[in-house]
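It should be emphasised that the depicted structure is a prediction, and the values quoted were computed from it without experimental measurement.
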Amino acid sequence: MKMNDEMLSSLKAIGQGGFVVHLTTVSAKAVPNTVGERFVAAFGDEHIVIADMFAQKTKVNLNENPVGIITVAHPVKGRYWAFRGPCTIIMWGEDDDYDFHGVKAGDVLREWGDWAAKEPPSEVPPDIRPPALCQRGVITLKVDDIYSWKPDELGKEIN
Amino acid sequence: MAILSPRMKGWLERFGCHIGTANKSGFPTTIVVEQATTEGDSVVSFNLTDAQVNHIKDNIQTNPYVALAPHAIASIRAAYQFKGAATLDGNKLKVDVKEIYCTKPGPEAALRLDTLPPEHVIKFEESRWRDVGPPK
């Protein structure tokens, strides 16, 4: 599913004018895991990428059950979006030609495999800034459906 | 039973949560509730809209374990994740928190906090964040 222009232009790290998101994944035993992610971007018009900074449970869950939801957390500014679809972590060392729902691993890693160098989080206050940014791959979600999480219109499809 | 710290309660109550749910097959649905209340040491409750109830009630009935992650500015300042068993009574969703994790990026990511004594959690929070809760 293609994202609209507003989504594509605002899917950026918060320091670049975008927003923080939460990523929900689910274990094989159906236990959800929901964590905040700061480094986010659109990749083409049907994929969203997030830096994998050793998100331990997320990795286990995606290995077991490759699906996720990304929800906009802050600042919302009317962007009540939830993006859901197949999700994986494209790891450093993956074959360049590995294809994940229409994107090549090599293309994703070359563009977003070293997020800290590309977009250093210089705006982050010292008490919440990670002491070291180590990235082992790129969490990649293919957008299959988009719904509004706005409480009174929850579930409304957006396109 | 997990024990929520005063800092956790403050951020949860002020900004609410993203609530991750899943059906028995592991297909996720997340809703966002922008305010919460806490009860006792471990319960977080939310007043849901009808649309929110309709969206997650099947998941809660068949798979009540949910994940909570603080919303809005709390997604940055209050890097916690809470997991527990949810019950839905009308429009009220109650979550009895069983697990608490620090999700601050870096070496303490995924550190489990509910297994620490409460006084250790408070010391941990004081050493990691400058605030003791959301701004008044």
Inset, instruction - Counting only heavy atoms closer than 4.5 Å, note whether B:Val32 contacts chain A via side chain, backbone, both or neither. - result: both

Legend entry - Interchain contact, B:Ala72 with chain A, by part (heavy-atom threshold 4.5 Å): both

Inset, instruction - Taking all heavy atoms of A:Pro151 and all of B:Ala51, pick out the closest pair and write down the distance. - result: O-CB, 3.8 Å

Legend entry - Heavy-atom closest contact (B:Ala67 atom, A:Pro32 atom, distance): CB-O, 3.5 Å

Under 4.5 Å from any heavy atom of chain B - which part of [X]:
X	answer
A:Pro75	neither
A:Val72	backbone
A:Ala73	both

Would [X] and [Y] show up in the same hydrophobic cluster when neighbours are defined by side-chain heavy atoms closer than 4.5 Å?
X	Y	value
B:Phe27	A:Ile69	no
A:Met3	A:Ile50	yes
A:Val67	A:Val49	no
B:Phe82	A:Val26	no
B:Leu4	B:Val121	yes

Inset, instruction - Sort by residue number and list every member of residues 93-109 of chain A having a non-hydrogen atom under 4.5 Å from chain B. - result: none

Pairs table: donor-acceptor atoms between chain A and chain B closer than 3.5 Å:
| unit_1 | atom_1 | unit_2 | atom_2 | d |
| --- | --- | --- | --- | --- |
| A:His22 | NE2 | B:Pro70 | O | 2.7 |
| A:Thr24 | OG1 | B:Thr30 | OG1 | 3.1 |
| A:Ala30 | O | B:Asn63 | ND2 | 2.8 |
| A:Pro32 | O | B:Lys83 | NZ | 3.4 |
| A:Asn33 | OD1 | B:Gln81 | NE2 | 2.9 |
| A:Asn33 | OD1 | B:Lys83 | NZ | 3.0 |
| A:Thr34 | N | B:Gln81 | OE1 | 2.5 |
| A:Gln56 | NE2 | B:Ala109 | O | 3.4 |
| A:Asn65 | ND2 | B:Gly26 | O | 2.9 |
| A:Thr71 | OG1 | B:His18 | ND1 | 2.8 |
| A:Ala73 | O | B:Ala72 | N | 3.2 |
| A:His74 | ND1 | B:Ile73 | N | 3.4 |
| A:Arg84 | NH1 | B:Pro28 | O | 2.8 |
| A:Arg84 | NH1 | B:Thr29 | OG1 | 3.2 |
| A:Asp127 | O | B:Lys104 | NZ | 3.1 |
| A:Asp127 | OD1 | B:Arg77 | NH1 | 3.4 |
| A:Asp127 | OD2 | B:Arg77 | NH2 | 2.4 |
| A:Asp127 | OD2 | B:Arg130 | N | 3.1 |
| A:Tyr147 | OH | B:Thr30 | N | 3.0 |
| A:Tyr147 | OH | B:Thr30 | O | 2.7 |
| A:Pro151 | O | B:Thr49 | OG1 | 2.7 |

Inset, instruction - Name the member of B:Pro70, B:Ala109, B:Gly26, B:Ala74 that forms the most heavy-atom pairs with chain A at distances under 4.5 Å. - result: B:Gly26

